[in-house]
S.K.: 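Supplied in structure tokens, the structure appears directly below.
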Amino acid sequence: QVQLAESGGGLVQAGGSLTLSCIASGRTSSSYAMGWFRQAPGKEREFVAGIDRSYANTDYADSVKGRFTISRGNAKNTVYLQMNSLKPEDTAVYYCAARNGFSLQKNPAEYNYWGQGTQVTVSS
């Protein structure tokens, strides 16, 4: 079992930046492909960014390309989401997720473990 804990959310003005962190605990001796998802009120959970188990490949939703960056920390159990040029439409609860497979996936159903989420609110 793996437990994921997100942090770093908050309230920021449009154009500002935030960095979200995700720390994994438990069975972290194995590496996982990791993803960030978000869910706004009344909407489905959507893919934001992902990184594969090798750290070599990343992918982003079109809506965040060029503004968000996913990365892993030096420790195997951390992943970050750097968010720049934030827009009001980025407002959502952001979730960190891990999957047992090698490759990153955009479908949330492919992920085995989820954090509790952290709220990001962008004011106009």
Side-chain angles (χ1 to χ4, degrees):
Q1 283 289 337
V2 173
Q3 293 79 44
L4 303 175
E6 306 96 336
S7 62
L11 173 64
V12 64
Q13 288 189 332
S17 299
L18 284 174
T19 300
L20 306 183
S21 300
C22 175
I23 298 177
S25 60
R27 191 178 177 182
T28 58
S29 58
S30 300
S31 294
Y32 300 88
M34 303 292 292
W36 285 97
F37 292 78
R38 67 187 182 187
Q39 189 166 18
K43 295 188 176 181
E44 294 187 351
R45 192 168 297 189
E46 64 175 359
F47 172 80
V48 176
I51 187 166
D52 72 8
R53 200 168 68 186
S54 74
Y55 300 32
N57 298 300
T58 59
D59 200 4
Y60 298 90
D62 289 342
S63 59
V64 307
K65 278 181 181 176
R67 300 189 297 123
F68 290 11
T69 303
I70 187 171
S71 62
R72 289 186 184 263
N74 291 330
K76 189 183 296 185
N77 62 339
T78 56
V79 64
Y80 303 101
L81 185 68
Q82 174 68 42
M83 305 186 295
N84 298 326
S85 302
L86 283 161
K87 304 175 181 180
E89 51 263 44
D90 294 318
T91 295
V93 177
Y94 283 70
Y95 297 90
C96 175
R99 64 183 303 270
N100 293 322
F102 181 89
S103 61
L104 67 91
Q105 297 289 335
K106 295 185 177 182
N107 184 350
E110 296 287 341
Y111 287 77
N112 305 98
Y113 308 103
W114 291 86
Q116 293 299 308
T118 184
Q119 176 71 46
V120 172
T121 303
V122 184
S123 63
S124 57

S.K.: Is there a donor-acceptor pair under 3.5 Å between the side chain of Asn57 and the backbone N or O of Asp52?
M.R.: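 Flag not set: sc Asn57 to bb Asp52 has no pair under 3.5 Å.
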
S.K.: In the structure I gave you, are the side-chain heavy atoms of Arg45 and Trp114 within less than 4.5 Å of one another anywhere?
M.R.: yes

S.K.: Please name the pair of heavy atoms, one in Ile51 and one in Val79, separated by the smallest distance, quoted to 0.1 Å.
M.R.: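 The answer is CG2-CG2, 4.3 Å.
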
S.K.: Look at the aromatic rings of Tyr32 and Tyr113 and report parallel, tilted or perpendicular, splitting at 30° and 60°.
M.R.: perpendicular

S.K.: If every non-hydrogen atom of Ala92 is compared with every non-hydrogen atom of Gln39, which pair is closest and at what distance?
M.R.: CB-O, 3.5 Å

S.K.: Before giving the answer on side-chain contact (heavy atoms from CB on, under 4.5 Å), spell out for Met83 and Val120 the whole-Å C-alpha distance, their side-chain angles and the decisive distance to 0.1 Å.
M.R.: CA-CA 10 Å; Met83 305 186 295; Val120 172; 3.9 Å; yes

S.K.: Can you see which heavy atom on Gln82 is nearest to which on Ser17, and at what distance?
M.R.: NE2-CB, 4.0 Å

S.K.: Hey, what do you get for OG1 (Thr78) to CE (Met34), rounding to the nearest 0.5 Å?
M.R.: 9.0 Å

S.K.: When you look at Glu46 and Arg38, which way does the side-chain contact (heavy atoms from CB on, under 4.5 Å) test go after all the steps?
M.R.: CA-CA 5 Å; Glu46 64 175 359; Arg38 67 187 182 187; 2.6 Å; yes

S.K.: Among Leu18, Leu20, Leu86, find the one that has a side chain to side chain contact (heavy atoms under 4.5 Å, CB included) with Phe68.
M.R.: Leu86

S.K.: Quick check: are there more than 12 heavy atoms from other residues, nucleotides or ligands sitting under 6.0 Å from CD of Gln116?
M.R.: no

S.K.: Do Trp36 and Val2 share a hydrophobic cluster, counting only Ile, Leu, Val, Met, Phe, Trp and Tyr and linking them when any side-chain heavy atoms are less than 4.5 Å apart?
M.R.: yes

S.K.: Can a donor-acceptor pair be found, under 3.5 Å and without considering hydrogens, that links the side chain of Glu6 to the backbone of Cys96?
M.R.: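 Side chain of Glu6 to backbone of Cys96, a donor-acceptor pair under 3.5 Å: yes, one is there.
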
S.K.: Look only at the side chain of Thr91 and the backbone of Val122, and say whether a donor-acceptor pair between them is shorter than 3.5 Å.
M.R.: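 Yes; at least one donor-acceptor contact below 3.5 Å.
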
S.K.: Answer yes if Val93 and Leu81 sit in the same cluster of Ile, Leu, Val, Met, Phe, Trp and Tyr residues linked by side chain heavy atoms under 4.5 Å apart, and no otherwise.
M.R.: no

S.K.: Side chains of Gln13 and Ser123 only: does a donor on one sit below 3.5 Å from an acceptor on the other?
M.R.: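 The criterion, which ignores hydrogens and geometry beyond distance, is not satisfied for Ser123 and Gln13.
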
S.K.: For Ser124 versus Pro88, what's the shortest heavy-atom pair and its separation?
M.R.: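 Here Ser124 and Pro88 meet closest at CB-CG, 3.8 Å.
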
S.K.: Between Tyr60 and Thr69, is a side-chain contact (heavy atoms from CB on, under 4.5 Å) present by the stated rule, with each step listed?
M.R.: CA-CA 8 Å; Tyr60 298 90; Thr69 303; 3.8 Å; yes

S.K.: Is there a donor in the side chain of Arg99 and an acceptor in the side chain of Tyr111, or the other way round, less than 3.5 Å apart?
M.R.: no

S.K.: First locate atom CG of Asn112, then atom CD of Gln1, and finally report the distance between them rounded to the nearest 0.5 Å.
M.R.: 9.5 Å

S.K.: Salt-bridge test for Asp62 and Lys65: reply yes if a basic N is under 4.0 Å from a carboxylate O, no otherwise.
M.R.: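 Result for this pair is yes, salt bridge flagged.
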
S.K.: Do Tyr95 and Leu4 touch side chain to side chain, with heavy atoms closer than 4.5 Å?
M.R.: no

S.K.: Please determine whether residues Ile70 and Leu104 belong to a single hydrophobic cluster, defined as Ile, Leu, Val, Met, Phe, Trp and Tyr linked transitively by side-chain heavy-atom distances below 4.5 Å.
M.R.: no

S.K.: Compare every heavy atom of Arg53 with every heavy atom of Ser31, then report the nearest pair and how far apart it is.
M.R.: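 It is O-CD, 3.1 Å.
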
